[in-house]
Amino acid sequence: MVILRLSRMRLAQVAIDNFDLAQTLDSGQVFHWERHANGYAGTIKDTGVYVEQRGNRLFFAGATPSLIQRYFSLDHPLRQICQSFPNDPVMRGATAFCRGLRIIRQPSWECLATFITSSMKQVAHIRQMSHALRERFGKPLTICGLQVHTFPSAERIAALNEKELRECALGYRAKYLLETARFVGSGTINLEQWSELSDESLRNSLCQLPGVGAKVANCVMLFAYERLRAFPIDVWIERVLRQQYFPKKRKMTTRDRRAFCDAYFGPYGGYAQQYLFHHARKGGVGGKGDAK
DNA sequence: CTCCAGGGATGAT
DNA sequence: ATCATCCATGGA
C-alpha cells in the first residue's frame, strides 16, 4: 500500500547532472536515509523528505527545490573536483567507481552527534544507533505516507541520562555524546558560529569536544562545514595507504599519513578521501582480503 | 566460535 | 612526544 500511495503521489523534480543518489546515500557519510519504493525517505534538518532518482531527474516531496539542491550539493563543480585529484591508478579507479557521488551538506549537530557514535563501529551499526536515537527521542513526521523521525536536538539529548543513551546501543560512546550534547545544548558552544572559523581553528574547536578527535573532527568538517580539503583517516583509508600507495614501506606513523594526505590529495582532498573510502568498502579494492 | 568496525581518552614509557 | 590498553556492541 505504501508503494501504491507513492506511485500516486505527485512529486516535484529538478534536473541533475553527474549525480548518483544511491551512491551518495550509501557512502558512509550520512546514516538515516531508508529505502522505500524506488527511492529514499529521511529528513533534511526538521523536514521530512522523500527523494527518488530517475535518470537525470531527481523527484522529491516534502522540500523545496532549493533545499534539495543545497543538501545534495548539486552546485558542487564535480567534474572540476575530479580533475583536481592526483592522476594515479588508485585515484583513477576510485573516481571511475564513484561517479556522481557527492559530499552532502548535513546539519552540523546531527553530523557531529552521529560521528561521535561512529567510533569502532561498522556503518550498519551507526545506522542502527542513529535510527534508535531518532525513533525514541526525535519528532515523528509523515512523508508520502511513510513515518520518519528528526534527529533529536542537542537540548533534547542533553536532558537525557547515560542509561537512556546506552539503551540505544551506544556503549561507551553514550557518555561522550551526552557530554557534548550538554556543551551544545546549553549554548556554551555555538556550532553555527563555528562556520566562520578557519579550517585549523574549526578543527581545534571540534577536537575539544568529548568523543571528538582528529578523525571525527575531519568528518564533521567535511560533511557539515563544507571544508572539502578535510581528509578523515580511518582504518579503511589506512589500508588503502598501506596496500595501494606504500606497499613496500615498513612503518608509517599517524603523522606520516597525515603529512602525505594533506600534501598529496589537493584542495578537494575530502572528496578524494570519500572516493577512496567508498571504493575500498564497496568495490572490494583496498579491502580486507586484498593483501598484496 | 573469532575477528573487526569511518576512534578517543587515559595512563605508562 | 609516542605507545599500549581499555572501552561496548553486533555484523560478518
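First the proteins, then the strands, lettered A, B, ... as listed; each starts at 1.
- Counting non-hydrogen atoms under 4.0 angstrom, A/G213 reaches the backbone sugars and phosphates but no base.
- Between A/H278 and A/F97, the ring planes are tilted. Angles from 30° to 60° get that label.
- Using bins of under 30°, 30° to 60° and over 60° for the plane-to-plane angle, the ring pair A/F265/A/F260 lands in the perpendicular bin.
- B/dG6 has A/F277 stacked on its base ring, the centres lying under 5.5 angstrom apart and the planes within 30 degrees of parallel.
- Two rings, from A/Y268 and A/F85, have their centers 6.0 Å or more apart.
- Searching all strands for a Watson-Crick or G-U wobble partner of C/dA12 with both distances below 3.5 Å returns B/dT2.
- Rounded to whole Å, the P atom of C/dG10 lies 14 Å from the corresponding atom of B/dC1.
- Atom-to-atom, CD of A/E179 to P of B/dA9 comes out at 10 Å; the value is rounded to the nearest Å.
- The residue among A/K251 and A/H125 whose nearest nucleotide of DNA chain C lies closer to the 5′ end is A/K251.
- Side-chain atoms of A/Q274 and base atoms of B/dG6 include a donor and an acceptor less than 3.5 Å apart.
- Counting to the nearest Å, the P atom of C/dT2 and the CE atom of A/M252 are 15 Å from each other.
- Rounded to a whole Å, the CZ atom of A/R173 is 10 Å from the C1' atom of B/dG8.
- One can place NZ of A/K215 at 11 Å from C1' of B/dA5, the figure rounded to the nearest angstrom.
- The backbone N or O of A/S198 sits nowhere less than 3.5 Å from a side-chain atom of A/S201 that would complete a donor-acceptor pair.
- Straight-line distance between the C1' atoms of B/dG8 and C/dG11: roughly 22 Å, to the nearest whole Å.
- Within 4.0 Å of A/R127, counting heavy atoms only, lies no atom of the nucleic acid at all.
- Here the P atom of nucleotide C/dG10 and the CG atom of A/L170 are 11 Å apart, to the nearest Å.
- Side-chain atoms of A/V123 lie closest to B/dG6 of the nucleotides C/dG10, B/dG7, B/dG6.
- Counting any heavy atom pair closer than 4.0 Å across all strands shown, A/T114 reaches no nucleic acid atom.
- Regarding A/L165, its CG atom lies at a distance of 20 Å from the P atom of C/dC7, rounded to whole Å.
- Taking the P atoms as reference points, C/dA4 lies 23 Å from B/dG6, given to the whole Å.
- To the nearest angstrom, P of B/dG6 lies 20 Å from OH of A/Y275.
- Checked by atom type and distance alone, the side chain of A/Y275 never pairs as donor or acceptor with a backbone atom of A/C82 at under 3.5 Å.
- The base of B/dG7 lies outside donor-acceptor range of the side chain of A/Y176, with no N or O pair under 3.5 Å.
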